[in-house]
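Working notes, structure below.
Hydrogens, waters and symmetry mates are skipped; everything else that's a heavy atom, side chains included, is used.
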Amino acid sequence: AQSVTQLGSHVSVSEGALVLLRCNYSSSVPPYLFWYVQYPNQGLQLLLKYTSAATLVKGINGFEAEFKKSETSFHLTKPSAHMSDAAEYFCAVRISGNTPLVFGKGTRLSVIA
Amino acid sequence: EPEVTQTPSHQVTQMGQEVILRCVPISNHLYFYWYRQILGQKVEFLVSFYNNEISEKSEIFDDQFSVERPDGSNFTLKIRSTKLEDSAMYFCASSAGQEETQYFGPGTRLLVL
């Protein structure tokens, strides 16, 4: 069965600093990987997804993630944090198109002025 | 931009009572899902629904739970006799196809007393 581990339930960065949110997955077959973001009082919004094409995936709002099979990782990065990036971020995996998403616990990102 | 909506945003109920959580998926989507997140825990899959029947369900989705698409727009989750441990945020999602991105609603926070 597949699983996702997000290291750090809360990450705090200064405005303009690098954002790095960590995600490691476990899957017996090549996975599809996703990052979702949840702003306060809103639903989960897809940031980006990896579906076995390019290993470096660019998403919305300047975020990107790199699939590293050797490290079973799919970390989310953004070069320069903005106050509007403060939200909860969820990493998720599924093994094929018709299987449910398996989520990590989420990481709350705070951005300090 | 089309979005998934959910009502109510918050619901408080007494243990043993029935609750119905409502979702309006994106209009041309064919696949519907319910997930839940107990406070401090992972987002967990409950059930997927396609062509007016359940296509997959998790161990959590026992006989106390049911789903229905009563008309062309709504998708409901019913909990027949709520338990304290049903307290959670419930997310509805929809997708245009099995391989397509799942779009999530803002969630319904259910509190069982």
Side-chain angles (χ1 to χ4, degrees), chain A residues 1-10 21-27 29-53 57-61 65 87-108, chain B residues 1-10 21 23-26 29-51 53-61 67 88-109:
Chain A
Q2 63 270 37
S3 66
V4 170
T5 302
Q6 290 184 243
L7 296 175
S9 59
H10 186 206
L21 304 183
R22 298 177 187 274
C23 172
N24 288 88
Y25 69 91
S26 171
S27 176
V29 298
Y32 298 147
L33 293 159
F34 305 81
W35 276 99
Y36 281 85
V37 60
Q38 185 181 30
Y39 298 103
N41 300 317
Q42 295 186 30
L44 298 169
Q45 179 184 0
L46 182 70
L47 268 181
L48 49 81
K49 62 182 179 182
Y50 166 77
T51 56
S52 76
V57 182
K58 293 188 185 299
I60 62 172
N61 302 337
E88 186 96 17
Y89 291 80
F90 295 91
C91 183
V93 63
R94 71 180 185 205
I95 57 172
S96 66
N98 62 349
T99 57
L101 290 166
V102 175
F103 283 88
K105 274 193 175 185
T107 298
R108 181 168 298 278
Chain B
E1 185 177 329
E3 58 183 20
V4 177
T5 59
Q6 290 185 242
T7 54
S9 58
H10 294 78
L21 309 184
C23 169
V24 178
I26 294 173
H29 284 187
L30 301 175
Y31 294 80
F32 314 113
Y33 312 84
W34 284 101
Y35 292 80
R36 78 173 186 190
Q37 185 182 29
I38 295 171
L39 191 63
Q41 298 186 26
K42 299 183 179 186
V43 177
E44 303 170 291
F45 168 75
L46 292 178
V47 65
S48 58
F49 190 87
Y50 169 71
N51 200 26
E53 60 182 30
I54 291 173
S55 47
E56 188 167 351
K57 61 182 181 179
S58 71
E59 294 173 349
I60 304 167
F61 195 87
V67 289
M89 178 73 92
Y90 289 80
F91 294 105
C92 173
S94 69
S95 66
Q98 283 185 340
E99 302 281 339
E100 301 298 319
T101 297
Q102 293 180 26
Y103 292 88
F104 284 77
T108 293
R109 185 169 295 283

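- For B:Thr101, the parts lying near chain A are the backbone and the side chain together; criterion is any non-hydrogen pair under 4.5 Å.
- With B:Ser58 as the partner, the side chain to side chain contact (heavy atoms under 4.5 Å, CB included) test is satisfied by one option alone out of B:Trp34, B:Tyr35, B:Phe45: B:Phe45.
- Interface remark: A:Leu46 contributes side-chain atoms only to the contact with chain B (heavy atom separation under 4.5 Å).
- Your options are A:Gln38, A:Lys49, A:Gln45, A:Lys105, and the one with the most heavy-atom pairs under 4.5 Å with chain B is A:Lys105.
- Neither the backbone nor the side chain of A:Gln6 has a heavy atom closer than 4.5 Å to any heavy atom of chain B.
- When each of B:Tyr103, B:Tyr33, B:Tyr31 is paired with B:Ser95, the side-chain hydrogen bond (donor to acceptor under 3.5 Å, both in side chains) condition holds for B:Tyr33 and for no other.
- Of the atoms belonging to A:Phe90, it is side-chain heavy atoms, and not backbone ones, that fall under 4.5 Å from chain B.
- Every side chain to side chain contact (heavy atoms under 4.5 Å, CB included) that A:Leu7 has, sequence neighbours left out, goes to A:Thr5, A:Arg22, A:Asn24.
- Proximity to chain B is absent for every atom of A:Val102, based on heavy atoms less than 4.5 angstrom apart.
- B:Leu39 CG: 12 or fewer foreign heavy atoms inside a 6.0 Å radius.
- Contact of B:Gln37 with chain A is made through the side chain alone, with heavy-atom distances under 4.5 Å.
- If you measure heavy-atom distances from A:Tyr39 to chain B, you find no contacts under 4.5 Å at all.
- Contact annotation: the side chain of A:Leu101 approaches that of A:Tyr36 to within less than 4.5 Å [non-hydrogen atoms, C-beta and beyond].
- Between A:Ile95 and the options A:Ser27, A:Pro30, A:Pro100, a side chain to side chain contact (heavy atoms under 4.5 Å, CB included) holds for only A:Ser27.
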